[in-house]
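For reference, the structure is listed below as structure tokens.
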Amino acid sequence: MRKPAFQRTLSTTVEFAGVGLHSGEECRVVLYPAKADEGISFRRTDLASRCGDNVIAAIPEHVACANHGTTLTNASGASVATVEHLMAALALTGVDDVLVDVTGPELPILDGSAAPFVGAIAEAGVQKLDARQRPLVIGEVEHVADGDRSITMEPFAGRLLEIEIDFCDCMIGRQSLTLDLDDPKVVARLARARTFCRLYEVEALKNAGLIRGGALSNGIVVDGDRLLNNEPLRDAYEFALHKALDLIGDLYLLGRPVIGRIKAVKPGHDLNTRAALYLKEMQEAAGQPARATA
């Protein structure tokens with residue numbers, strides 16, 4: 001049996017600034033400590049607020065778009081995009097409750113990984129709250145699929161993530177990893193893994209109004225068997241690690257760690273967020289207490 005843990009928040013505020021990957025807009029982000037059971041929320045400080053309608057709770061029901069990133073939108077139409085790397089950083093550092101002020105429509109991409117978020121949170125420190133953490137425990141096999149892409153969740157006395165990707169048209173190739181999310185060395189590898197794309201995708205993404213802030217300083221670009229970045233890969237499995245990082249961030253919309261074995265084959269934000277919503281519905285049907293949904 002896992003030892004019951006307490007919820008945690010930040011010990012002090014944390015600040016970031018940078019450009020959004022898709023919008024190309026500058027954005028400043030401030031993370032504030034929060035009380036127990038408040039969960040994770042984003043507050044658009046650049047939008048006028050009436051009764052808190054500029055606050056967007058990080059919950060699966062608020063996923064409005066999962067196309068090359070995860071966008072959350074509340075009932076009043078306020079939204080925040082590309083939340084997955086910060087969400088992953090909060091998951092990896094064990095932060096349950098935090099308020100995130102955002103001055104624009106999209107979180108900054110920074111270096112394309114979660115490492116800057118993880119490092120700053122670790123430097124600020126976290127503090128224990130007077131409330132028990134309520135992990136989501138997988139009690140039976142659950143499965144979400146889209147063609148040959150799938151996420152399977154199974155009972156397991158730990159947090160194990162098995163990831164498989166297949167990009168055989170380029171140097172990425174096929175990669176598979178088994179990751180123990182309770183291992184600090186695994187957490188460090190995950191945090192440093194950068195987002196990536198193939199060169200032939202760049203023009204189509206730009207024509208779709210995306211990656212306006214994209215650069216070789218904030219993502220990996222592959223052209224066939226060539227890596228276009230001057231910086232080498234940070235890990236031989238950096239591509240699979242980043243897909244795992246995205247999945248961790250998207251599943252943290254549940255607001256709690258998932259205890260079980262997760263097997264992901266060719267995951268993406270669309271499938272990740274579907275899995276998060278499915279698990280949320282399953283937990284509510286089973287009568288497990290839910291986190292904040294404001």
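By convention here, the first residue in the shown sequence is residue 1.
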To the nearest 0.5 Å, atom CG of Asn54 lies from atom OG of Ser79 at 11.5 Å
Sub-3.5 Å donor-acceptor pair from the side chain of Gln7 to the main-chain atoms of Gln133, do we have one?
-> no
Separation of Thr93 OG1 from Phe117 CZ (nearest 0.5 Å) | 11.5 Å
So, do Leu253 and Leu72 sit near enough that their side-chain heavy atoms are less than 4.5 Å apart?
-> yes
Between Arg8 (side chain) and Gly94 (backbone), is there a donor-acceptor pair under 3.5 Å?
-> yes
Heavy-atom nearest pair, Val14 first then Ala124, reads CG2-CB, 3.5 Å
One should read off an interatomic distance between Asp246 CG and His68 NE2, to the nearest 0.5 angstrom, of 12.0 Å
Using 4.0 Å as the upper bound for N to carboxylate O, is an ion pair formed by Glu201 and Arg198?
-> yes
Taking Asn74 for the side chain and Asp53 for the main chain, is one N or O donor matched with an acceptor at less than 3.5 Å?
-> yes
Check whether any side-chain N or O of Arg234 sits under 3.5 Å from a backbone N or O of Arg192 as a donor-acceptor pair, and report yes or no.
-> yes
So, are Glu238 and Arg194 salt-bridged, with charged N and O less than 4.0 Å apart?
-> yes
Can you tell if the side chain of Val258 reaches within under 4.5 Å of the side chain of Pro135, non-hydrogen atoms only?
-> no
If you look at every heavy atom in Asp37 and Ala131, which pair is closest and at what distance?
-> OD2-CB, 4.4 Å
Is the shortest heavy-atom distance from the side chain of Phe16 to the side chain of Leu31 under 4.5 Å?
-> yes
Partner of Lys263 under salt bridge (charged side-chain N to carboxylate O under 4.0 Å, His left out), chosen from Glu164, Glu142, Glu154 | Glu154
4.5 Å side-chain heavy-atom contact, Thr273 and Pro60 | no
Which is it for Val202 and Tyr200 under the side-chain contact (heavy atoms from CB on, under 4.5 Å) test, yes or no, and what are the steps along the way?
-> CA-CA 6 Å; Val202 170; Tyr200 70 80; over 6 Å; no
Main-chain N/O of Gly219 paired with Asn229 side-chain donor or acceptor, under 3.5 Å | yes
Under the 3.5 angstrom rule, does the side chain of Asp97 hit a backbone N or O of Glu38 as a donor-acceptor pair?
-> yes
May I ask whether Tyr32 and Met87 are part of the same hydrophobic cluster, defined by side-chain heavy atoms of I, L, V, M, F, W, Y residues being less than 4.5 angstrom apart, directly or through others?
-> no
Do the side chain of Gln175 and the main chain of Ala236 share a donor and acceptor less than 3.5 angstrom apart?
-> yes
How long is the span from the CZ atom in Phe196 to the CE atom in Met171, to the nearest 0.5 Å?
-> 11.0 Å
Taking Arg44 for its side chain and Gly104 for its backbone only, find out whether a donor-acceptor pair lies under 3.5 Å.
-> yes
Any side-chain heavy-atom pair of Asp96 and Arg256 under 4.5 Å | no
d(Met153 CE, Leu161 CG) to nearest 0.5 Å is 11.5 Å
Derivation of the side-chain contact (heavy atoms from CB on, under 4.5 Å) call for Arg43 and Val102 | CA-CA 6 Å; Arg43 182 169 59 189; Val102 187; over 6 Å; no
Less than 4.5 Å apart, any side-chain heavy atom of Leu160 and any of Asp180?
-> yes
Closest heavy-atom pair and its distance - Arg274, Ala145 = NH2-O, 3.3 Å
Check ion pair Arg212-Glu106 (N to O, under 4.0 angstrom) | no
Asn230, CG: over 12 other non-hydrogen atoms inside 6.0 angstrom = no
Donor-acceptor contact present, side-chain His22 to main-chain Gly69, <3.5 Å | no
NZ or CZ of Arg132 within 45° of Phe6 ring axis and under 6.0 Å = yes
Test side-chain contact (heavy atoms from CB on, under 4.5 Å) on Leu279 and Gln283 and set out the steps.
-> CA-CA 6 Å; Leu279 285 175; Gln283 111 192 352; 6.0 Å; no
With the 4.5 Å side-chain cut-off for hydrophobic clustering, are Leu99 and Ile56 part of the same group?
-> no
Taking a hydrophobic cluster as the set of Ile, Leu, Val, Met, Phe, Trp and Tyr residues connected by side-chain heavy atoms closer than 4.5 Å, whether directly or through intermediates, do Leu92 and Leu177 fall within one such cluster?
-> yes
Any idea which heavy atoms bring Tyr252 and Pro257 closest together, and the distance?
-> CE1-N, 4.2 Å
Using the side chain to side chain contact (heavy atoms under 4.5 Å, CB included) rule, pick out the option among Asp183, Leu241, Leu245 that qualifies with Arg189.
-> Leu241
CA sep, side-chain torsions, deciding dist, call: Thr71, Thr82, side-chain contact (heavy atoms from CB on, under 4.5 Å) = CA-CA 6 Å; Thr71 299; Thr82 317; 5.8 Å; no
Is there a path from Val83 to Leu10 through hydrophobic residues (I, L, V, M, F, W, Y) whose side chains come within less than 4.5 Å of each other?
-> yes
Within a strict 4.5 Å, meaning less than it, do heavy atoms of the His269 and Asp250 side chains meet?
-> yes
So which heavy atom on Ile138 is nearest to which on Gly260, and how close?
-> CG1-CA, 4.3 Å
Closest non-hydrogen atom pair, Leu227 against Pro232 = CD2-CA, 4.1 Å
Mind checking whether Ile151 and Tyr278 sit in one hydrophobic cluster, side chains of I, L, V, M, F, W, Y counted as touching below 4.5 Å?
-> yes
Would you say Asn218's side chain and Gly112's backbone share a donor-acceptor pair under 3.5 angstrom?
-> no
Indicate yes or no: at least one non-hydrogen side-chain atom of Leu86 is less than 4.5 angstrom from one of Phe42.
-> yes
Atom CZ of Arg149 and atom CD1 of Ile165: how far apart are they, to the nearest 0.5 Å?
-> 12.5 Å
